[in-house]
Amino acid sequence: MQRMSQMQRSTRRLSEVARHVIAPSGIVSTGWPAVEARIKDFGDEFDEWQRGASQLILAKRANGDYAATVGGITLSIPRQVAKTYMISRIIFALCTLFPNLTVLWTAHRTRTASKTFASLRGFAGRKSVEPYIRAIRAVNGEQEIQFTNGSIIMFGAREGGFGRGFDEVDVEVFDEAQILTEKALEDMVAATNQSRFPAGALLFFMGTPPRPVDPSEAFKLRRREALAGETEDAVYIECSADDDAEPDDREQWAIANPSYPHRTPLRSMLRLRKNLPSDESWKREALGIWDSDLSGSRAITASQWEATGIEVAPEGLQSFGVAFSQDGSRVSLAGARKHDDGVHVELVDALVGDVDQGLGALADWLAERWRKSDQIALSGRSGALVLAHLLRERKVPSYRIHLLTTPQYFQACQFLLDGVREGTVTHLEHEGQQVLDESVAVADKKTRGGAWGWSVTVPDGDETPIEAVSVALWAARTSKRASRVDSKMKVVVM
Ligand SMILES: Nc1ncnc2c1ncn2[C@@H]1O[C@H](COP(=O)(O)OP(=O)(O)O)[C@@H](O)[C@H]1O
Ligand SMILES: [Mg+2]
């Protein structure tokens with residue numbers, strides 16, 4: 001990856017810096033503008049990705065409630081990125097905008113809670129913030145910031161028993177949320193049932209991937225549900241390096257930490273590296289990498305996939321995509337039809353095992369259809385070259401065959417993810433497509449450098465069906481021919 005200037009790093013969007021962004025449904029507006037204006041008054045400015053995160057956090061539904069008021073906001077973000085910075089600014093703004101807001105800010109450890117209190121106490125002393133502050137108290141383990149309008153933020157450590165027995169709490173922050181049991185959580189969130197905050201209470205779960213020994217049910221559950229597409233009413237944001245990142249690869253530091261190096265300088269990272277006891281803890285806490293015991297994550301959620309399934313394929317200009325696995329032991333063939341409103345994709349076939357034997361038949365199949373279709377796009381190392389050769393042998397003209405470059409492959413993956421999320425790409429929702437459905441269910445983004453490609457998150461998963469569909473979509477999208485087809489071009493078999 002090329003070195004990016006400070007400006008470029010500040011202007012990257014949330015979707016560019018985060019590995020996962022899961023948004024709640026039904027968003028029609030956001031409480032962010034008023035909060036942003038107040039943060040500006042305080043003298044702070046968010047980076048673009050922080051603005052994106054804040055817009056989601058404060059997103060509202062048509063009834064005026066926060067879209068995430070039920071499921072909460074979960075941030076799996078490494079240390080030294082901006083969790084405390086971002087959430088504290090939002091909360092200070094809310095506290096000054098809304099009278100009588102009660103905020104509970106807990107960390108697992110006393111040390112963390114005290115550190116946060118000390119830093120926010122400093123913030124409260126700023127000239128631009130001070131006029132809103134009535135008092136700051138720090139006695140006998142009680143730490144609080146009181147605002148002139150009756151709002152209050154109380155700080156404490158869960159390991160010290162802090163957080164239970166409150167009522168009428170409007171906002172709760174669970175820092176170090178990777179150490180938090182469901183039971184403890186239930187006891188604490190009960191207090192928000194009586195919140196009178198107009199748009200609903202807000203719960204923040206922020207932390208880093210748990211150690212195997214951490215009691216981490218609450219955090220794991222939220223992550224798992226979000227990645228499985230099982231939640232409609234929560235925000236989930238995850239920043240992390242690639243799973244196989246080398247601990248001292250600074251490009252991976254930059255992937256994991258969108259604030260490095262323009263906000264969090266190199267020396268802070270080096271200090272953290274020194275203070276963390278092992279490579280394992282560094283990978284979790286500084287690079288945000290989850291242990292593989294949490295396999296089964298997916299980039300296209302179940303509900304997004306379901307929402308784009310249709311019963312009857314529309315007609316359109318047809319292209320094909322073929323994807324080989326790295327080792328050449330699997331191959332999938334997909335079709336795409338470009339029409340006026342988008343692109344429809346389908347899996348045609350998936351071969352496993354004796355691929356070489358099957359390639360001849362695959363080439364025959366395509367050779368019978370090339371006249372009635374547009375591009376045939378192939379991806380995946382040696383297998384693609386062999387197939388291209390077989391197609392030429394069968395008199396398929398070279399201009400119809402396209403071997404994808406690596407950047408084009410990455411683009412194909414992005415096309416599918418964006419298309420499904422935006423609803424411009426459809427697929428068939430019947431049993432014949434089960435192999436594709438299964439591939440989509442276990443496919444996640446694997447970043448390489450600045451780009452990403454599909455990768456399966458279970459041991460026996462197959463990435464080639466989702467890749468073939470992506471490649472076919474790429475062929476359809478990049479085709480220069482119009483979507484309109486004359487009757488000769490209509491293809492029956494797909
Ligand atoms: N938009 C920003 N403006 C100024 N400083 C920022 C910004 N974003 C992050 N930082 C700085 O980055 C550092 C790490 O942020 P912090 O919130 O302490 O991280 P975390 O809670 O994730 O460990 C802090 O020094 C913070 O002030
Ligand atoms: Mg912090």
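The basis for the numbers below is simple: all heavy atoms, side chains too, and nothing from hydrogens, waters or symmetry mates. Start at 1 with the first residue, then count along the sequence.
The closest side-chain heavy-atom distance from Arg19 to Cys239 is not below 4.5 Å. At least one side-chain heavy atom of Leu203 sits less than 4.5 Å from a side-chain heavy atom of Val189. The closest side-chain heavy-atom distance from Phe155 to Glu144 is not below 4.5 Å.
Between Tyr409 and Gln411, the side chains place no donor N or O within less than 3.5 Å of an acceptor N or O (distance only, hydrogens not considered). A donor and an acceptor atom, one from each side chain of Asp444 and His20, are located under 3.5 Å apart. No side-chain donor from either of Asn100 and Thr102 sits under 3.5 Å from a side-chain acceptor of the other. In summary, the side chains of Gln50 and Tyr85 do not present any donor paired with an acceptor at a separation below 3.5 Å, with no hydrogens or angles considered. Glu232 and Ser25 share a donor-acceptor pair across their side chains, judged by distance under 3.5 Å alone. Under the 3.5 Å distance criterion, with hydrogens and angles disregarded, a donor-acceptor pair is assigned to the side chains of Asp170 and Ser195. Between the side chains of Trp474 and Gln408, no donor-acceptor pair is found at a separation under 3.5 Å. A donor-acceptor contact closer than 3.5 angstrom links the side chains of Ser278 and Ser281. Between the side chains of Trp290 and Ser76, at least one donor N or O sits under 3.5 Å from an acceptor N or O.
A cation-pi geometry, defined here as NZ or CZ lying under 6.0 Å from the six-membered ring centre and within 45° of its normal, holds between Arg222 and Phe205. In this structure, Arg51 fails the cation-pi test against Phe46, since its NZ or CZ atom is not both closer than 6.0 Å to the six-membered ring centre and inside 45 degrees of the ring normal.
Of the possible polar contacts, none joining the Ser268 side chain to the Thr264 backbone as a donor-acceptor pair under 3.5 Å is found. In this structure, the side chain of Thr112 does not engage the main chain of His108 through any donor-acceptor pair within 3.5 Å. Looking only at distances, no side-chain donor or acceptor of Thr308 sits under 3.5 Å from a matching main-chain atom of His427. No donor-acceptor pair closer than 3.5 Å links the side chain of Arg38 to the backbone N or O of Ala93. With Ser325 contributing its side chain and Arg330 its backbone, the two residues share a donor-acceptor pair below 3.5 Å. The closest donor-acceptor contact from the side chain of Ser128 to the backbone of Phe42 lies under 3.5 Å.
Aromatic ring pairs are classed by plane angle as parallel below 30°, tilted from 30° to 60° and perpendicular above 60°; the pair Tyr66 and Phe197 is tilted.
By the ring-ring contact (aromatic ring centres under 6.0 Å, His included) test, Trp49 pairs with no residue at all, sequence neighbours left out. Not counting sequence neighbours, Phe324 has no partner by the ring-ring contact (aromatic ring centres under 6.0 Å, His included) test. Taking Phe147 as the reference, Phe92 meet the ring-ring contact (aromatic ring centres under 6.0 Å, His included) condition, with sequence neighbours excluded.
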Test Arg9 against Asp47 for salt bridge (charged side-chain N to carboxylate O under 4.0 Å, His left out), laying out the working first. CA-CA 8 Å; Arg9 284 194 70 84; Asp47 285 348; over 6 Å; no
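Within the structure, salt bridge (Lys or Arg N to Asp or Glu O under 4.0 Å) pairs that include any residue of residues 414-427 do not occur (at least two apart or interchain). Evaluation of the salt bridge (Lys or Arg N to Asp or Glu O under 4.0 Å) test over residues 91-117, restricted to residues two or more places apart or in two chains, returns Arg109-Glu176. Within the structure, salt bridge (Lys or Arg N to Asp or Glu O under 4.0 Å) contacts touching residues 151-169 (residues at least two apart or in different chains) are Arg164-Asp187, Glu168-Arg196.
Around the CD atom of Glu246, the shell of radius 6.0 Å holds no more than 12 heavy atoms that belong to other residues, nucleotides or ligands. Within a 6.0 Å sphere centred on CZ of Arg273, heavy atoms belonging to other residues, nucleotides or ligands number more than 12. The number of heavy atoms from other shown groups lying within 6.0 Å of CD (Gln194) is above 12.
Aromatic pair Phe174/Phe219: ring centres not closer than 6.0 Å. Taking the six-membered ring for Trp, Phe410 and Trp454 have ring centres at least 6.0 Å apart.
Counting all heavy atoms, side chain and backbone alike, Ser240 lies closest to Gly288 at CB-O, 3.1 Å.
With values rounded to the nearest 0.5 angstrom, Met154 atom CE is found 9.0 Å from Glu172 atom CD.
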